[in-house]
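Worksheet: the structure to be examined is printed underneath.
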Amino acid sequence: MEIMYKRIITTGALFVAVCFFFVTFSASDIQAQSGARIVIQKIAPKELDNLMKSRESRTLVVAMASWCGPCRDELPFLIKLHNKYNDKGLKIVGISLDTDGPEAMQKIADRMKVNFPIYCAGEEAADKYGIYAIPMLYLIKNGKVIEKIPGQQSEAALEKKIVGLLK
């Protein structure tokens, strides 16, 4: 009888170990297929200037903060639009104005599975770029801000702006 209990315990432990292995492998495999987790880092003022004047692509820069409800509400649309238009030349970049550093927005980005880069610029960026509302969108084409859009936008409005930017 004691041998039978040892076999049951050993078999159960082996089963748990095998399940753990497959769950761990599957989770990392799924993450690898869906793209790597973005890591939010601070951006220096000069790098932010270069980003805002980028001639490399048509860019949508989104000023946001972790504590901003409309910013969080708009993120799923931005993720969808990034997936749809990234291969057509659109670059979406988030700029966090959080004063608590990158960690504040990192929690939101992880939870919402954001798939475009976000940099932490802090409130200095708000002063420098005239950000008076968040979210605030900057449409950049040929190195120039062609439109500045304050406040939360609907998915349809965002898509219309993106289609116009890509022309």
Within-4.5 Å side-chain heavy-atom neighbours: [X] and [Y]:
| X | Y | answer |
| --- | --- | --- |
| S96 | P102 | no |
| M112 | P76 | yes |
| I95 | V61 | yes |
| Y132 | P150 | yes |

Search all heavy atoms of [X] against all heavy atoms of [Y] and return the closest pair with its distance.
| X | Y | result |
| --- | --- | --- |
| G101 | C120 | C-SG, 3.6 Å |
| A125 | I131 | O-CD1, 3.9 Å |
| G89 | S57 | O-CB, 3.9 Å |
| I38 | A109 | CD1-CB, 3.9 Å |
| G151 | A133 | N-CB, 4.4 Å |
| S66 | R72 | O-NH1, 2.6 Å |

For this session: List the steps, then state whether side-chain contact (heavy atoms from CB on, under 4.5 Å) holds for M105 with I118.
Result: CA-CA 9 Å; M105 186 55 87; I118 299 177; 4.1 Å; yes
Exercise. Please, which pairs that meet salt bridge (charged side-chain N to carboxylate O under 4.0 Å, His left out) have at least one residue in residues 95-121, sequence neighbours excluded?
Worked result: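 Non-adjacent pairs meeting salt bridge (charged side-chain N to carboxylate O under 4.0 Å, His left out): R37-D110.
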What's the separation between atom [atom1] in [X] and atom [atom2] in [Y], rounded to the nearest 0.5 Å?
| X | Y | atom1 | atom2 | result |
| --- | --- | --- | --- | --- |
| K141 | S54 | NZ | OG | 14.0 Å |
| I162 | L139 | CD1 | CG | 8.0 Å |
| I43 | Q41 | CD1 | CD | 10.0 Å |
| L90 | L166 | CG | CG | 5.5 Å |
| K128 | E123 | NZ | CD | 15.5 Å |

Exercise. So does K84 pair up with E159, basic N to acidic O under 4.0 Å?
Worked result: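 Yes, K84 and E159 are salt-bridged.
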Exercise. Does the pair L60 and L137 meet the rule for a side-chain contact (heavy atoms from CB on, under 4.5 Å), with working shown?
Worked result: CA-CA 7 Å; L60 172 64; L137 307 174; 3.8 Å; yes
Should [X] and [Y] be counted in the same cluster of Ile, Leu, Val, Met, Phe, Trp and Tyr side chains packed under 4.5 Å apart?
| X | Y | result |
| --- | --- | --- |
| I92 | L51 | no |
| L81 | I108 | yes |
| V39 | I79 | no |
| V114 | L158 | yes |
| V93 | I40 | no |

For this session: Please say whether the positively charged group of K80, taken as NZ for Lys or CZ for Arg, lies over the ring of F77, i.e. under 6.0 angstrom from the six-membered ring centre and within 45 degrees of the axis.
Result: no
For this session: Please check if the side chain of R58 supplies one atom and the backbone of L165 the other of a donor-acceptor pair under 3.5 Å.
Result: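 Yes, the answer is positive, given that a donor and an acceptor are paired below the 3.5 Å cut-off.
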Exercise. Hey, mind stepping through I149 and M136 against side-chain contact (heavy atoms from CB on, under 4.5 Å) and telling me if it holds?
Worked result: CA-CA 6 Å; I149 308 163; M136 183 167 288; over 6 Å; no
Problem set entry | Results of side-chain hydrogen bond (donor to acceptor under 3.5 Å, both in side chains) for T99 - residues two or more places apart only |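 For T99 there are no side-chain hydrogen bond (donor to acceptor under 3.5 Å, both in side chains) partners, ignoring immediate neighbours.
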For this session: Measure the acute angle between the ring planes of Y129 and Y138, then classify it against the limits of 30° and 60° as parallel, tilted or perpendicular.
Result: perpendicular
Problem set entry | Sequence neighbours excluded, every pair satisfying side-chain hydrogen bond (donor to acceptor under 3.5 Å, both in side chains) that has a member inside residues 144-154 |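 Found E147-K161.
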Problem set entry | Criterion side-chain contact (heavy atoms from CB on, under 4.5 Å) on F116 and L78, from CA distance to verdict | CA-CA 9 Å; F116 54 84; L78 293 169; 3.9 Å; yes
